[in-house]
Amino acid sequence: MARRGGLVRLLVTLILLLLAPLLAAAAAEAAAPAQNASEEAEAEHPPPHILPRPLIIELPSSAAEEALGEVPADAVAASLEVELDLVPAAPAQDASEDVAAADAQQQHLPRPLAIDLPPSSAAGPRGGDDVPADVRCASWRLAAEANNLAPWKAVPPGCAAHVRDYVTGVAYRSDLELVARESAAYARAAPLRGDGRDAWVFDVDETLLSNLPYYADHGYGLELFDHQKFDRWVERGEARAIPSSLELYNEVRELGFKTFLLTGRSEGHQGVTVENLKKQGFHDWDKLILRAACDREKAATVYKSEKRKEMEEEGYRILGNSGDQWSDLLGSPMSVRSFKLPNPMYYIP
């Protein structure tokens with residue numbers, strides 16, 4: 001009897017195992033219509049805020065004021081004048097209380113910072129209408145000193161006041177003094193051989209002597225250079241010594257350099273030039289070289305290069321050269337070290 005009961009239970013178990021997959025499939029088929037109906041309902045009525053809402057960073061009022069206080073006023077103003085869409089706009093949808101509240105909150109925050117350059121900024125240097133005139137003139141002066149400009153004949157009309165303020169102010173004197181200090185430091189460290197053949201070349205005008213009184217009467221370089229007017233000024237012998245250059249000149253002499261004064265003045269002005277130099281404290285130079293008649297048509301770079309070549313042919317080693325024009329320094333041969341003094345009033349090729 002017990003054996004018969006065990007067989008019955010075993011048969012029931014096997015039947016249930018065989019029927020289980022069929023029952024599960026039937027249940028799945030019954031649930032499918034309800035799921036499809038739910039998906040269709042969601043398609044017809046999508047939930048709001050499918051796209052992520054824009055990131056909004058809120059600072060406490062005191063922190064916001066402190067943060068803005070560290071930003072220059074013009075940068076803050078620029079950030080408020082331009083706008084950049086950092087998050088794409090969400091598609092149109094029914095208004096809701098949440099969206100309205102978010103929009104009202106967002107209106108109280110600063111507009112996003114964007115860089116919106118005016119069309120003129122793409123025009124290069126000529127498009128800098130928003131740059132202050134004094135800054136543009138300072139850039140022009142730097143380009144002139146660095147020899148980055150095409151040959152120029154006069155100071156731009158809009159920069160006459162800038163050049164005047166520079167050459168009559170503390171900046172010009174400071175620049176001259178810096179050049180003299182660097183020159184003196186080099187001269188003290190230069191390896192002189194002690195045979196009397198180590199030389200230093202000096203230009204004269206705007207290097208040893210200043211002609212500022214003349215240029216003050218002629219627009220500080222605004223007027224085109226007039227040789228006849230300048231010659232009349234030279235003949236007065238009233239050019240003043242540049243103090244820092246006088247100190248450098250005397251130190252170079254004391255260190256044992258031979259000093260050659262190489263100027264673009266004509267030989268006809270030798271007497272007045274010698275007198276002017278001595279009156280201003282320059283003494284004991286080894287040679288004063290002026291333009292001869294055969295040199296008058298030569299560019300300054302060619303003329304001065306030829307004179308330096310003659311010095312080397314005589315056995316001199318040119319260790320230093322000081323001048324306010326690039327034509328005082330460039331060419332061949334050149335000195336071991338060259339020192340350019342500032343001069344934004346005129347350019348000599």
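- Using a cut-off of 4.0 Å between Lys/Arg side-chain N and Asp/Glu carboxylate O, R232 and D226 are scored as not salt-bridged.
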D217 and K229: CA distance, side-chain angles, deciding distance, salt bridge (charged side-chain N to carboxylate O under 4.0 Å, His left out) verdict: CA-CA 11 Å; D217 294 335; K229 291 181 180 179; over 6 Å; no
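- Under the 4.5 Å side-chain criterion, counting only non-hydrogen atoms from C-beta, F202 is in contact with L248.
- Within a 6.0 Å sphere centred on CD of E310, heavy atoms belonging to other residues, nucleotides or ligands number more than 12.
- Under a cut-off of 6.0 angstrom, the local environment of CD in E297 is sparse, with at most 12 non-hydrogen atoms contributed by other residues, nucleotides or ligands.
- Y215 has its ring centre less than 6.0 Å from the ring centre of Y346.
- The 12-atom threshold is not exceeded at NZ of K278, counting heavy atoms of other residues, nucleotides or ligands nearer than 6.0 Å.
- Contact annotation: the side chain of K287 approaches that of E314 to within less than 4.5 Å [non-hydrogen atoms, C-beta and beyond].
- Counting heavy atoms of neighbouring residues, nucleotides and ligands inside a 6.0 Å radius, atom NZ of K298 exceeds 12 of them.
- Residues I242 and I348 fall within the same hydrophobic cluster, defined by Ile, Leu, Val, Met, Phe, Trp and Tyr side chains chained together at heavy-atom separations under 4.5 Å.
- Rounding to the nearest 0.5 angstrom, the gap separating the CD atom in E251 from the CZ atom in R188 is 4.5 Å.
- Not counting sequence neighbours, the partners of E238 by the side-chain hydrogen bond (donor to acceptor under 3.5 Å, both in side chains) test are R236.
- Taking the side-chain contact (heavy atoms from CB on, under 4.5 Å) definition, one finds that S338 meets it with N321, L329, M334, S335, sequence neighbours left out.
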Distance-only criterion, 3.5 Å: show the donor-acceptor pairs between side-chain atoms of residues 161-171 and protein atoms not counting sequence neighbours.
residue	atom	partner	partner atom	Å
H162	ND1	D134	OD1	2.8
H162	NE2	R141	NE	3.2
Y166	OH	D175	OD2	2.6
T168	OG1	R164	O	2.6

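- The distance from atom CG of L261 to atom OG of S322, rounded to the nearest 0.5 Å, is 11.0 Å.
- With a 6.0 Å radius and a threshold of 12 heavy atoms from other residues, nucleotides or ligands, H283 has its NE2 atom above the threshold.
- In this structure, F230 and F225 have tilted ring planes: the angle between them lies in the 30° to 60° band.
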